[in-house]
Amino acid sequence: MADIQVYTKSAAELELGQRRAKSSMRNQVMMFSLMIFLTLISFTMVTAYGAGVAGFSKFFIIPMLMLFAAVQVGLQLYYFMHMNEKGHGIPQMFMYTGVLLGGLIPLTFLTIIWW
Amino acid sequence: MDLNKKFTPETWPDHPERATLEAKNKFVGFWLFLGGETVLFATLFATYLALKNKGPSGFGFSTQELYQLPLVFVMTMLLLTSSLTSVYAMYHLKNYNFKKMQLWLGITALLGLAFLMLEVYEFVHYVGEGFTFDNSAFSSAFYTLVGTHGFHVAIGLVWITLLIFRNSKRGLNLYNGTKFYTFSLYWHFIDVVWVFIFTVVYLMGVIG
Amino acid sequence: MSSVAQKKGFGATLWDWMTTVDHKKIGILYLAGGGFFFVLGGIEAMIIRLQLLRPNSDIVSAGLFNEIITMHGTTMIFLAAMPILFGFMNAIMPLQIGARDVAFPFINSLGFWMFFFGGLFLNISWLVGQIPDAGWTSYASLSLVSEGHGIDFYAIGLQIAGGGTLMAGINFLVTIINMRAPGMTYMRMPLFTWTTFVASAMILFAFPPLTVGLFLLTFDRMFGGNFFDHTMGGNTIIWEHIFWIFGHPEVYILILPAFGIFSEIFPIFSRKRLFGYPAMVFATVLIGFLGFMVWAHHMFTVGLGPTANAIFAVATMAIAVPTGVKIFDWLLTIWGGSIKVTTPMLYALGFIPSFVMGGVTGVMQGAAPLDYQLHDSYFIVAHFHYVIVGGVVLGILAATHLWWPKMFGTMLSETLGKVTFWFFFIGFHMTFLIQHWLGFWGMPRRVWTYMDGQGWNTANFISSIGALLMAIGVIVLVINIIITTVKNVRVGNDPWGDGRTLEWAISSPPVHYNFAQTPLVRGLDTYWIEKSEGNESGITPAEPIQDIHMPNGSIIPFFMTLGMFIAGFGAMYRVETSWGLSALIFGLVLTFVSMAVRSLQDDLGYYVKKDEILRDLKRKGGRK
Amino acid sequence: MMKGLKKWRLFSLLAALTVFLAGCGQEELSTLLPAGQVGQDQFNLLMLSSAIMLLVIIVVVTIYVVALVRFRRSKVGEDHVPEQVEGSHTLELVWTIVPILLILLLAVPTVYYTYKLGDVTAMGAVDEDGNAENLVVDVTAKLFWWEFEYPELGIVTAQELVVPMDEKVYFNLIAADIKHSFWIPAVGGKIDTNVENVNKFYLVFEKDSKKLKDGVFYGKCAELCGPSHALMDFKVKTMPRAEFDAWAKAMQATGEPSTDVATVSQGEEVFQQSCIGCHATSAVGESGAVGPNLASFGDRNRVAGFMDHTEKDLKDWIKDPQKYKPSNQMPEFGSKLSEDELDALTEYLMGLSVEK
């Protein structure tokens with residue numbers, strides 16, 4: 001629509017911006033390592049279960065897998081997709097609604113479709 | 001105002017993806033689209049869960065025997081890494097470093113391509129074992145869920161390839177900045193879906 | 001366009017409409033397309049009632065009857081009611097929030113063409129002679145064994161049209177989120193805009209499941225899938241769930257905009273602010289949310305078990321509460337007002353008792369054990385026609401009369417409008433009231449004929465006569481439209497005299513850029529505020545007169561959709577004909593090439609220059 | 001004078017009653033004249049919900065009419081600008097809370113009846129001797145006809161369900177081909193017959209069907225299942241337990257082979273040649289036949305579920321079933337059987353009876 005106000009940053013502002021971007025980038029790399037770590041644990045648990053290692057029961061692993069998946073998704077959404085930043089109220093609202101409905105559907109399919 | 005106007009790092013806005021009304025519209029619209037996609041995949045997951053291991057009488061396939069974790073692990077690593085590379089690309093978008101952004105996007109695309117090749121290999125392998133789309137409800141649901149994800153990856157690859165080549169001469173501006181940004185949102189979303197696929201389909205499938 | 005006066009040749013006019021991205025023109029296109037399908041669905045309804053006029057009738061054969069009811073339901077829901085509402089949303093909502101266009105003009109056009117081609121695709125089944133015949137719900141066991149390509153037409157046609165709907169939904173949402181004029185906070189938005197917002201959000205979440213369901217059905221029927229084939233491990237209940245996860249919100253997607261329309265009409269013709277505006281907004285959102293939590297009440301008799309039935313029964317009843325709030329807020333709006341019974345108001349007044357009737361029968365069906373009796377009987381037919389005709393169609397007819405001057409610059413005849421109303425209203429109650437009792441008396445729905453001696457004859461006779469009256473009403477409306485268009489008496493900005501929202505502050509029809517200056521919104525019912533403060537122009541501008549950026553028209557949406565249309569036929573006939581596969585490939589290539597062209601070219605729009613705006617203003621004689 | 005008035009009163013009362021009863025539909029298929037406890041429960045719920053809803057309608061219509069009468073522009077004046085009332089929290093609260101209470105009033109019995117009517121735990125109960133305590137009927141819905149198997153009794157019948165009165169009768173229901181829905185309006189609400197799972201529910205029959213117009217209750221298919229969905233009717237005979245036991249015994253006896261070979265009629269011969277492939281005349285056995293079991297055909301109320309039970313209609317039906325019930329599975333015999341053979345066949349079929 002109307003013209004964009006072009007704002008020229010001063011050298012200090014530019015540097016500050018870049019520093020912020022850099023630190024946020026470092027943050028994201030850390031989150032990435034966390035995600036890789038969670039994935040590794042998930043696969044390891046399942047492999048351990050398959051190998052019959054004691055202490056790895058279904059009822060322990062399945063909730064853990066779901067928890068790790070949920071954490072990973074949270075990291076993706078909040079860090080990689082920047083939902084933690086300002087101006088993401090609308091995305092948050094609609095993603096949460098989507099997740100709520102999206103959770104409801106598998107739940108009902110698992111409970112009230114019978115054989 | 002010319003949307004193809006050239007910028008410098010000094011004039012480049014902090015949030016190029018939301019700097020103009022068109023960009024803001026695209027940004028919000030794309031997030032809404034992802035909200036809808038969430039429900040789409042949830043429905044596919046629900047269908048898969050309801051039909052898991054279901055087949056005609058004498059059906060011989062089960063999730064435990066079928067799935068091969070090492071392959072899935074490699075695929076997961078490829079896709080997760082591609083998520084990080086696309087974050088790097090967005091970092092350079094923010095810093096108005098077009099060359100580096102293109103480079104990282106190119107790496108993202110290559111990783112995505114590798115993922116897709118492995119998925120195709122996986123499917124071909126399963127079909128070779130006799131686990132075809134039409135042999136049971138389970139196979140139909142499996143191929144549809146994982147295949148829909150694969151289809152999204154393929155669409156993403158076409159998209160980013162077009163973007164990279166189309167803009168290679170034009171450089172960054174406010175017209176294409178949002179396009180790159182929405183692509184990265186899309187790519188992360190594909191990763192989100194994959195997290196659930198490897199957890200719910202493969203890992204839980206192996207556990208049974 | 002800006003210089004409307006120029007005469008254009010037929011080809012140029014056609015091209016103009018095919019390439020338009022102007023939300024007002026797309027609104028008119030939706031109205032025309034939806035109106036066409038409405039008449040088509042109406043003819044099907046008349047055949048249904050003709051067949052059921054007497055017992056043991058065989059005017060149409062059993063198979064054909066099932067095809068007609070299927071097409072009647074599908075057409076009315078997907079191709080008539082929803083597109084007509086989209087027409088009004090398109091034409092009016094951006095004006096109400098003070099925007100110059102929608103957020104995605106290109107996608108807006110694409111959405112229209114997808115609806116239109118999808119509808120066309122579905123209805124071409126009549127020409128091919130293979131028509132969907134498993135009901136608009138297409139329950140899987142029946143839809144899987146249905147012979148010919150009937151159900152394929154249903155699945156692919158709805159897939160295309162549904163894609164268009166989803167795009168329209170996202171487009172409306174972003175428009176409302178991002179393009180409100182300065183000062184237009186969420187809690188100052190007119191109710192029609194609010195209901196558009198909530199209905200669009202529901203589209204966003206309800207249509208993806210439909211997309212999935214239709215794909216699964218297509219896979220099962222055409223590509224060897226086994227989702228619903230129980231001999232291969234499939235399960236038909238999955239289809240029922242998916243369909244109703246979409247289908248129940250769909251009902252609210254239809255009714256909420258109608259609520260919005262009536263929420264505009266009551267204040268205008270009572271000269272009174274909407275009573276309890278925040279409660280109305282909250283109720284709208286709550287209805288939208290609850291609409292997703294109750295789908296299984298369509299499946300009480302499926303055998304989900306008492307726990308599931310009880311949960312969904314109580315959830316269903318809960319919807320009555322926000323709906324009741326709305327009804328009472330409307331009543332209190334006219335209470336103490338100055339009620340002028342114009343045609344739109346007549347529809348609004350007719351709506352209240354009709355919809356209450358449909359609403360309470362809905363609660364009755366929510367009581368699961370009672371629903372074991374009512375489900376799939378004529379009671380259901382009566383109920384959903386009471387909400388859809390008594391709510392949505394009355395809303396559509398009201399909006400047609402209310403906004404016709406705004407969209408076309410000329411008023412529909414009030415006399416003929418009232419004639420339409422009375423025929424339609426009396427016919428409607430005559431048709432459907434008695435059907436509640438038919439249900440009580442044991443008549444199942446979707447029956448092709450009925451035996452003599454079951455006590456259903458008189459009631460069915462009355463019902464069919466009522467349908468005839470409704471048809472007469474619609475015919476009078478068509479005549480009214482023709483006469484009005486021919487006479488073409490021009491009207492001013494605010495033809496009803498008591499307009500309250502922004503759309504009444506600008507000329508009828510508005511110039512293509514809507515607002516010469518973006519308005520500053522200072523409260524709910526802006527235009528009313530400006531008028532009551534003596535502002536002649538009706539608008540406090542928020543910006544100086546300056547160049548306005550507008551989007552370019554494009555033919556690409558048309559070709560993109562044409563590609564899908566052709567690919568649909570190709571997919572259907574790919575096995576049995578020699579041209580099928582090539583048509584499929586050609587169609588897909590056409591679509592993808594169109595998409596590539598779109599994303600490769602720069603479409604930066606154009607500017608309406610300041611002098612042109614000033615010229616327009618002068619020609620209109622100032623801003624009035 | 002007084003007498004005349006009294007007569008008139010009586011007459012008007014009768015007239016009102018007639019209108020009311022007509023408003024209730026016909027006894028053999030109206031949900032408003034419930035003939036069993038399940039239907040009665042549902043009817044009570046209907047009355048309760050109708051009462052609540054009527055109350056709502058009355059309130060709305062009263063406010064509506066008063067507003068319309070009092071606040072017309074012709075009354076309040078052309079130039080009158082009403083006060084721009086924003087709303088009222090008190091009122092909003094009232095019309096939120098009162099409906100919630102009304103809904104609760106309805107929700108409690110709803111939940112109660114949902115569990116009550118869904119309770120089939122007693123289905124497999126056995127007494128000390130190991131005999132089933134309750135009658136269980138296995139219903140199989142097929143393309144446009146119904147099969148009823150009594151597993152405990154070892155008999156099968158079709159199109160006419162025969163049940164004892166005043167006890168819970170349990171049903172296992174499934175569809176053989178396409179989804180249908182099992183509905184006896186006068187006795188109780190319906191339940192779907194799905195293709196992939198058995199649904200269970202119970203009904204109670206409390207009215208003797210002999211007193212009805214046709215001597216039967218009407219049953220319907222309530223789920224669109226193809227062209228002849230409208231014609232997929234069945235009938236229900238209810239009788240006291242003793243009569244039912246006698247009926248069951250007679251049905252079991254149809255399994256015994258005919259002792260007198262010489263008496264085999266021409267009709268039976270035709271039947272053996274043309275019909276036996278799909279239809280059985282012995283009620284003994286299990287469900288799963290291609291066509292309806294005909295052991296009690298002569299006792300039935302309808303041919304093919306909806307045609308008059310006359311020799312003429314039966315002959316028409318056998319000659320061209322597709323004409324009367326489109327897309328059903330029975331082939332036509334008009335070209336295969338001579339007129340004589342048809343006569344003999346119909347006579348034979350009409351003679352298949354366990355009640356006469």
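Note on naming: letters A, B, ... go to the chains in the order of the sequence lines (proteins, then strands), and numbering restarts at 1 for each one.
For C:Trp437, the part sitting under 4.5 Å from any heavy atom of chain D is the side chain, from C-beta outward, and nothing else. Neither the backbone nor the side chain of C:Leu524 has a heavy atom closer than 4.5 Å to any heavy atom of chain D. Only the side chain of C:Ala313 comes within less than 4.5 Å of a heavy atom in chain D; its backbone stays farther off. Only the backbone of C:Asp133 comes within contact range of chain D, with heavy atoms under 4.5 Å apart. Of the two parts of C:Trp330, neither the backbone nor the side chain holds a non-hydrogen atom closer than 4.5 Å to a non-hydrogen atom of chain D. With a 4.5 angstrom heavy-atom cutoff, C:Ala134 touches chain D only via backbone atoms. Looking at C:Ile352, the atoms closer than 4.5 Å to chain D (heavy atoms on both sides) all sit in the side chain, from C-beta outward. Both the backbone and the side chain of C:Ile334 come within contact range of chain D, each with at least one heavy atom under 4.5 Å from a heavy atom of that chain.
Aromatic ring centroids of C:Phe440 and C:Phe379 lie under 6.0 Å apart. Here the two rings, on C:Trp335 and D:Phe71, have centers that are under 6.0 Å apart. Proximity of the aromatic rings of C:Tyr372 and C:Phe300 is defined here by a centroid distance below 6.0 angstrom, and this criterion is not met.
With hydrogens and angles left out, the side-chain atoms of C:Thr236 and D:Glu196 include a donor and acceptor closer than 3.5 Å. For the 3.5 Å distance criterion, the side chains of D:Asp214 and D:Tyr218 qualify, holding a donor opposite an acceptor.
Comparing D:Gln42, D:Glu223, D:Lys190, D:Met53 by how many heavy-atom pairs each has under 4.5 Å with chain C, the most go to D:Lys190. Most heavy-atom pairs under 4.5 Å with chain C: of the set D:His89, D:Lys200, D:Lys325, D:Glu78, this distinction falls to D:Glu78. Across D:Gly39, D:Pro227, D:Gly118, D:Ser74, the residue that shares the most heavy-atom pairs under 4.5 angstrom with chain C is D:Pro227. Heavy-atom pairs under 4.5 Å with chain C were tallied for D:Lys213, D:His80, D:Met307, D:Glu83; the largest tally goes to D:His80. Per-residue heavy-atom pair counts under 4.5 Å with chain D were compared for C:Val325, C:Val447, C:Ile339, and the maximum is reached by C:Ile339.
Side-chain contact between C:Arg188 and C:Asp525: absent, with no pair of heavy atoms (C-beta onward) separated by less than 4.5 Å.
D:Glu27 and D:Lys207 are joined by a salt bridge, as a carboxylate oxygen and a charged side-chain nitrogen come within less than 4.0 angstrom of each other. Between D:Asp41 and D:Lys116 there is a salt bridge, since a side-chain N of the basic residue sits under 4.0 Å from a carboxylate O of the acidic one.
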